[in-house]
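I have placed the structure first, in the form of structure tokens, so that the comments after it can refer back to it.
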Amino acid sequence: MSDNVLKAKIIRSHQRDFDCLIDETKEVVKATALGNLLKKGETLVVGDNVYLDTIAETGEFIIKEAMPRHNEIFRILVRTSKRKVTAANCDYLVILSSAARPRFKRGIIDRFLVRAFQWGVEPIVVFNKMDQYDPDEFDIQYEVLRLKELGVKYFEICALDKYYETQYLKGGMSEFREALKGKTALFVGQSGVGKSQTISCLSEGEVELKTKQVGKVGKGSHTTTWSEIVDLGDFYLIDSPGIRSFSLDDIDPDDLLELFPDLEEIARHCQFSNCNHEPENRGCAFYSEEYDPETEEGLMVHSRLESYQLIHSEISSTPFWQKKKKYR
Ligand SMILES: Nc1nc2c(ncn2[C@@H]2O[C@H](COP(=O)(O)OP(=O)(O)O)[C@@H](O)[C@H]2O)c(=O)[nH]1
Ligand SMILES: [Mg+2]
Ligand SMILES: [Zn+2]
């Protein structure tokens, strides 16, 4: 091995093959990893910052060492309780929602906020399709206040109509673009909310996003897919199969409350040790005067509690065998 060690970032991974972007030269090279970096259950993922070495005789690149991660995008494997990591070092989880068709759903935002807290990735909520916003459908002022209370950044945009965007939204899209500058982001949200449209608007249509299909593996017709980080000019997009799943049922119900840090804080003051924070528990911290649902603050707390309880009952009722099947 030579002394020529290069700093790089993994931008595409498929099993043991990696494409690495060299920091200094911005050149993309193929690399393999030293065996000890791919121990059982552990691997290198897109977003990992690594050190590359070259084999003098062949000019091949070898990943010699991986740097510590700032955060990880992962699911928990139910059988082993270990993390299955799909990406690392993500700056933002962009939670895209639609102001109209599909109808705005607060519960989906709370669901992805759980993931953002679990992964240690800063969430951003984006209200798209503001050109079709109807105040009779939902109250965006209230939703925005609720996000502010949680310390979550938000933007109101229209990804379809530039004129509307600049005339009526006073440039929500350009503010959003500014926030993303130089960052690596993962976009999530229901189908139809405008993820593709927003991404293409942000990248000014320069890049066509396609998940690359990499031949067939093994005997069956099972097709494998790359995970990758796509350079969209102003920012980087993480793209990986299955990464946008809504399901939270890999999370242990006992760990859910800590993923609602705002509620955990209140629950700490609950006098009951095993409280499910239901209204019939007279004296429960959530039903004190302080969080009276007649007040704005109380209403927000209770809407968060409602999301918590919904998710809690959902992940408590998924039978173990079903989880195993889904997340093997
Ligand atoms: N009126 C309106 N329609 C939009 C907007 N953004 C996206 N759409 C439309 O919504 C539909 C779904 O968008 P798409 O980007 O495919 O959603 P995805 O499933 O989240 O990727 C398409 O017909 C888009 O043209 C918007 O800001 N306003
Ligand atoms: Mg799409
Ligand atoms: Zn309680």
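Note that this is a predicted model, so its numbers are computed, not measured. Both counts, for ligands and for their atoms, begin at 1 and track the order of listing. Reckoned from all heavy atoms, side chains included, excluding hydrogens, waters and symmetry mates.
Atoms of ligand 1 lying under 4.0 Å from any heavy atom of C158, numbered from 1 in the order shown and given with element: 27 (O). Near A159, the atoms of ligand 1 lying under 4.0 angstrom from a non-hydrogen atom of the residue are 6 (N), 26 (C), 27 (O).
Between D250 and R115 there is a salt bridge, since a side-chain N of the basic residue sits under 4.0 Å from a carboxylate O of the acidic one. For the pair K30 and D17, the salt-bridge criterion is not met [side-chain N within less than 4.0 Å of a carboxylate O].
The nearest protein heavy atom to atom 5 (C) of ligand 1 is closer than 4.0 Å. For atom 13 (O) of ligand 1, the nearest protein heavy atom lies closer than 4.0 Å.
For the 3.5 Å distance criterion, the side chains of N71 and N89 fail to qualify, holding no donor opposite an acceptor. Side-chain N/O atoms of T58 and E60 include a donor and acceptor closer than 3.5 Å.
Counting protein heavy atoms only, atom 17 (O) of ligand 1 is closest to G194 N, 3.0 Å. For atom 8 (N) of ligand 1, the nearest protein heavy atom (residue, atom name, distance) is K129 CE, 3.7 Å. Scanning the protein heavy atoms around atom 15 (O) of ligand 1, the nearest turns out to be Q197 N, 2.8 Å. The single protein non-hydrogen atom nearest to atom 3 (N) of ligand 1 is L160 CD2, 3.4 Å, given as residue, atom name and distance.
Rounding to the nearest 10°, we obtain 110° for the angle at the Zn ion (ligand 3) between C275 SG and C284 SG.
When the side-chain hydrogen bond (donor to acceptor under 3.5 Å, both in side chains) test is applied to S307, the partners found at least two apart in sequence or on another chain are D110.
Using cut-offs of 30° and 60° for the angle between ring planes, the F138 and Y133 rings count as perpendicular.
By the 3.5 Å distance cut-off applied to N or O atoms, T198 is not counted among the residues near ligand 1.
The atom of H277 nearest to the Zn ion (ligand 3) is ND1, with the search restricted to N, O or S atoms.
In this structure, G192 has a heavy atom closer than 4.0 Å to ligand 1.
Counting heavy atoms closer than 4.0 Å to ligand 1, residue K195 contributes atoms from both its backbone and its side chain. By the criterion of a heavy-atom distance under 4.0 Å, the side chain of N128, and not its backbone, is placed next to ligand 1.
E258 contributes atom CD, which lies 6.0 Å from atom CD of E264 (distance to the nearest 0.5 angstrom).
Residues L44 and R69 share a closest heavy-atom pair of CA-NH2, 4.0 Å. Looking at every heavy atom in both residues, K183 comes nearest to A179 through CG-O, 3.7 Å.
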